[in-house]
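The structure appears below as structure tokens.
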Amino acid sequence: MSDTPPTVTVAHHSGFGHTATLAAAVADGARTGGARVSTLTLDTLTDADWTTLDGSDAIIFGAPTYMGNISAGFQTFAEQTGRRCMTGAWRDKVAAGFTNSGAKSGDKLNALTSLSVFAAQHHMHWVNLGLGPGWNSGTGSEHDLNRLGFWLGAGAQTDVDADPQGVHPADLATFRHLGRRVALVTAQLTAGRAATSAV
């Protein structure tokens with residue numbers, strides 16, 4: 001693989017701090033996968049932040065699930081990317097996504113689907129979670145990775161009255177897994193591009 005580490009940006013909106021805590025776990029995982037990582041809060045983007053997004057090899061999108069879908073804060077960001085969508089500015093970047101809700105289900109799958117469709121509209125390559133379901137047998141535990149059983153991306157559940165440090169440890173570990181997986185897949189893709197361009 002290339003000696004140049006891939007660049008991964010974790011771009012998230014967080015309403016009450018829970019999603020920000022999970023974004024930090026995703027970023028930690030991407031670093032352990034060998035990536036150079038930036039973390040951006042989507043409601044405070046600067047021109048420099050947009051440049052970071054445009055220059056990244058991979059973008060991992062995160063948003064809380066509110067009322068069965070991504071938050072309005074994330075949707076505002078998504079609508080600001082319209083020109084980039086039209087010009088293909090993010091074409092062939094790697095993408096992945098994560099979400100959190102107060103309920104065990106909370107219709108998180110709908111939010112993850114919205115994130116993946118957003119990435120598809122930008123012609124990005126979506127990376128799934130890459131884990132089997134946890135906590136689905138008599139020997140399973142709420143401390144299993146992927147305890148809530150998501151495949152499209154990473155899903156967490158945090159009690160609505162918990163502070164940001166109250167995110168479940170298994171969810172933090174699952175989100176670190178997602179970050180590391182994206183870093184490794186991105187490194188493989190960029191190495192493949194380098195190899196084929198040299199032919």
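Treat the numbers as computed from the prediction; the structure is a model and nothing was measured. Note that these values count all heavy atoms, side chains included, but never hydrogens, waters or copies made by symmetry.
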Residue pair [X] / [Y], side-chain heavy-atom distance below 4.5 Å:
X: Val37; Y: Thr9; answer: no
X: Lys108; Y: Leu148; answer: yes
X: His13; Y: Thr19; answer: no
X: Asn128; Y: Trp151; answer: no
X: Arg31; Y: Val8; answer: no

Taking [Y]'s backbone N and O only, do any of them form a donor-acceptor pair with [X]'s side chain (distance below 3.5 Å, no angle check)?
X: Thr99; Y: Gly155; result: no
X: Ser71; Y: Phe74; result: yes
X: Lys93; Y: Asp54; result: yes
X: Asn100; Y: Pro64; result: no
X: His177; Y: Ala154; result: no
X: Gln157; Y: Gly102; result: yes

[X] with [Y], same ILVMFWY side-chain cluster at under 4.5 Å:
X: Leu42; Y: Phe61; value: yes
X: Leu145; Y: Leu178; value: yes
X: Ile60; Y: Leu172; value: yes
X: Leu115; Y: Leu53; value: yes
X: Val10; Y: Val185; value: yes

Closest approach of [X] and [Y], non-hydrogen atoms and distance?
X: Ala78; Y: Thr81; answer: O-OG1, 2.6 Å
X: Ala96; Y: Trp126; answer: C-CH2, 3.4 Å
X: Ala156; Y: Leu22; answer: CB-CD1, 3.7 Å
X: Trp135; Y: Asp144; answer: N-OD2, 2.8 Å
X: Thr39; Y: Ala27; answer: OG1-CB, 3.6 Å
X: Pro6; Y: Gly34; answer: CD-O, 4.0 Å

All pairs passing ring pair (Phe, Tyr, Trp, His ring centres under 6.0 Å) where residues 78-112 contributes a residue, at least two apart: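 Residue pairs with at least one partner in residues 78-112: Trp90-His122, Phe98-Phe175.
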Starting from the C-alpha separation in whole Å, work towards a yes-or-no answer on side chain to side chain contact (heavy atoms under 4.5 Å, CB included) for Thr41 and Asp49. CA-CA 9 Å; Thr41 303; Asp49 294 333; over 6 Å; no
Check step by step if side chain to side chain contact (heavy atoms under 4.5 Å, CB included) holds for Phe16 and Thr158. CA-CA 11 Å; Phe16 300 97; Thr158 308; over 6 Å; no
Mind checking the [atom1]-[atom2] spacing from [X] to [Y]? Nearest 0.5 Å is all I need.
X: Ser116; Y: Met124; atom1: OG; atom2: CE; result: 12.0 Å
X: Gln121; Y: Met86; atom1: CD; atom2: CE; result: 11.5 Å
X: His168; Y: Thr21; atom1: NE2; atom2: OG1; result: 14.5 Å

Could you check whether Ser114 and Asn69, counting side-chain N and O atoms only, form a donor-acceptor pair closer than 3.5 Å?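 Side-chain D/A pair, Asn69 to Ser114: present.
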Do Asp92 and His125 meet the criterion of a side-chain donor-acceptor pair at a distance under 3.5 Å?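 Yes, His125 and Asp92 have a side-chain donor paired with an acceptor closer than 3.5 Å.
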Test side chain to side chain contact (heavy atoms under 4.5 Å, CB included) on Thr174 and Leu129 and set out the steps. CA-CA 9 Å; Thr174 300; Leu129 182 58; 4.0 Å; yes
Any chance you could lay out the side chain to side chain contact (heavy atoms under 4.5 Å, CB included) test for Asn110 and Thr65, step after step, and finish with the verdict? CA-CA 9 Å; Asn110 197 46; Thr65 298; over 6 Å; no
Which pairs, with at least one residue in residues 166-187 and sequence neighbours excluded, count as a salt bridge (charged side-chain N to carboxylate O under 4.0 Å, His left out)?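 Sorted result for residues 166-187: Arg147-Asp171.
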Identify the residue among Thr190, Thr52, Asp57 that makes a side chain to side chain donor-acceptor pair (under 3.5 Å) with Thr7.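 The side chain to side chain donor-acceptor pair (under 3.5 Å) with Thr7 is passed solely by Asp57 among Thr190, Thr52, Asp57.
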How about Phe77 and Trp50: are their ring centres within less than 6.0 Å of each other?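 Yes - the distance between ring centres of Phe77 and Trp50 falls below the 6.0 Å cut-off.
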